[in-house]
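Encoded as structure tokens, the structure appears first; notes follow it.
If you're wondering where the values come from, they're calculated on a predicted model, not measured in any experiment.
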There are 2 protein chains.
Amino acid sequence: MVSINREPHLQHREESVEKRLKSAGLRPTRQRVALASLLFAHGDRHVSAEELHAEVEAEGIPVSLATVYNTLHQFTGAGILRVLSIEGNKTYFDTNISDHHHFFVEGENTVMDVPDSGVSVSGLPRPPDGMEIAHVDIVIRLRKNRNKPQN
Amino acid sequence: MVSINREPHLQHREESVEKRLKSAGLRPTRQRVALASLLFAHGDRHVSAEELHAEVEAEGIPVSLATVYNTLHQFTGAGILRVLSIEGNKTYFDTNISDHHHFFVEGENTVMDVPDSGVSVSGLPRPPDGMEIAHVDIVIRLRKNRNKPQN
DNA sequence: CTGTGTGCAAACTCTTTGCATAAGT
DNA sequence: ACTTATGCAAAGAGTTTGCACACAG
């Protein structure tokens with residue numbers, strides 16, 4: 001592959017990304033490396049397929065939208081990405097796999113991570129027979145204060 | 001309006017439904033009454049627009065799908081219905097407005113109410129400035145037990 | 001009557017799919 | 001070389017919208 005990277009530090013990043021993809025059983029193609037770099041370089045992110053597609057194109061790496069969708073689902077299947085449980089007809093992916101929770105701003109329909117989770121849930125019911133709990137998602141829905149200052 | 005109801009108890013149900021709609025500021029049209037009856041008669045429900053449309057048609061009341069969508073959103077705006085916070089490209093509505101939580105079965109993509117909530121959350125973070133917590137949604141994601149019997 | 005609600009069909013957004021071509025090992 | 005991934009364009013779901021007609025008050 002021809003060297004497309006302009007910035008040396010990208011080299012390192014992409015090398016480790018390649019390893020990560022390989023250990024997930026995914027061939028480190030140019031597209032997948034580019035997408036994974038964007039996803040995992042800047043810390044935790046919430047992205048839609050369209051947003052990620054725009055970003056990767058902006059870097060000058062042509063990737064079709066269909067490939068972005070495919071790739072995001074492959075990453076999800078490989079366990080290095082997660083689908084956000086929020087309403088709306090758009091699918092958002094979360095690069096943070098660990099247990100953590102989200103703010104959802106009503107109206108704006110934006111998602112933010114809950115800073116750190118001292119958050120804990122108690123009194124969880126037993127799951128129905130034959131089922132086990134895979135994960136507990138907590139979404140804290142926020143609305144703009146109605147002219148009441150925070151005390 | 002011609003009497004469409006075959007069963008007397010439906011009469012009562014629909015009368016109270018009419019009041020409910022009026023107090024929500026919605027004119028109790030035939031379609032809205034039919035939809036509200038289906039939604040609120042059988043206890044708590046999780047429905048998509050398509051499902052509700054199928055049900056109302058099955059009762060012999062012709063309602064267009066567009067009207068079902070409009071009506072569901074009107075009900076939501078009026079506060080007698082809620083949108084479920086779950087992933088997926090389909091919108092589900094919940095007739096249970098009060099605080100309660102959900103099981104989500106992975107793979108099947110079905111939603112169930114958590115029986116009763118002894119569930120409580122602690123350690124909630126302060127919302128960002130200018131924001132207040134509107135609601136906390138908890139989704140307990142379930143997966144089928146991998147051949148391990150429940151102990 | 002007057003204004004609001006409804007139906008229909010078309011438009012729109014997001015997402016998936018099929019198949020020929022390209023790239024990775 | 002052989003296999004898997006990608007791109008494209010088309011199809012598919014779910015949802016919204018515009019406008020003429022119908023209905024409730």
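In this model, the phosphate group of D:dT15 is not approached by any side-chain N or O of B:H73 to a distance below 4.0 Å at OP1 or OP2. Phosphate contact (OP1/OP2 of D:dC23, side-chain N/O of B:R30, threshold under 4.0 Å): absent. Between A:T71 and the phosphate of D:dA5, there is no side-chain N or O to OP1/OP2 separation shorter than 4.0 Å. Note on B:Q31: a side-chain N or O is less than 4.0 Å away from OP1 or OP2 of C:dG7. Between A:T91 and C:dC14 there is no side-chain N or O to OP1 or OP2 distance below 4.0 Å. Remark: B:R32 is in phosphate contact with C:dG5, judged by side-chain N or O atoms under 4.0 Å from OP1 or OP2. Listed pair B:T67 / C:dT6 fails the phosphate criterion, with no side-chain N or O lying under 4.0 Å from OP1 or OP2. In this model, the phosphate group of D:dT15 is approached by a side-chain N or O of B:Y69 to a distance below 4.0 Å at OP1 or OP2.
The shortest side-chain heavy-atom distance between A:L142 and B:I133 falls under the 4.5 Å cut-off. B:P128 is not listed as a side-chain neighbour of A:V105, based on a closest heavy-atom distance of 4.5 Å or more.
Remark: A:R20 is positioned above the aromatic ring of A:F40, its terminal NZ or CZ atom under 6.0 angstrom from the ring centre and at most 45 degrees off the axis.
Taking atom CG of B:N89 as the reference point, atom P of D:dG12 lies 17 Å away to the nearest angstrom. Whole-Å rounding puts the B:F93 CZ to D:dT15 P distance at 8 Å. Atoms CG (B:L26) and P (C:dG3) sit 19 Å apart, rounded to a whole Å. One can place CD of B:E87 at 12 Å from P of C:dT15, the figure rounded to the nearest angstrom. Between A:L35 atom CG and D:dT6 atom P there is a gap of 8 Å when expressed in whole angstrom units. Atoms CD1 (A:I61) and P (D:dT6) sit 13 Å apart, rounded to a whole Å. D:dA24 atom P lies 10 Å from atom CD of B:E18, rounded to whole Å. For the pair A:E50 CD and C:dC12 P, the interatomic distance rounds to 16 Å; values are reported in whole Å.
The B:K90 side chain lies nearest to D:dT15 when the options are D:dT15, C:dT25, D:dG7. Closest to the side chain of B:A66, out of D:dT17, D:dA5, D:dA24, is D:dT17. Nearest to the side chain of A:R27, among C:dT15, C:dT17, C:dT25, sits C:dT25.
Comparing B:K22 and A:L65 against DNA chain D, the residue whose closest nucleotide sits nearer the 5' end is A:L65.
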Dump the intermediate steps for ring-ring contact (aromatic ring centres under 6.0 Å, His included) on B:Y92 and B:H102, then the final yes or no. CA-CA 12 Å; B:Y92 280 86; B:H102 297 101; over 10 Å; no

For a ring-ring contact (aromatic ring centres under 6.0 Å, His included) check, start with the C-alpha distance between A:H73 and A:F93, then their side-chain angles and the critical distance, and finish with the verdict.
CA-CA 9 Å; A:H73 286 140; A:F93 295 84; 5.8 Å; yes

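Taking the C1' atoms of five terminal pairs at each end of the helix from C:dC1-D:dG25 to C:dT25-D:dA1, the two resulting helix axes are inclined by 30°, rounded to 10°.
With respect to B:R32 and B:E18, no salt bridge is recorded, no charged nitrogen being found less than 4.0 Å from a carboxylate O.
A:D137 contributes atom CG, which lies 5.5 Å from atom CZ of B:R141 (distance to the nearest 0.5 angstrom). In this structure, B:H53 NE2 and B:L72 CG are separated by 11.0 Å, a value rounded to the nearest 0.5 Å.
Among the protein residues, A:S48 comes within range of no part of the nucleic acid, since none of its heavy atoms lies under 4.0 Å from any strand.
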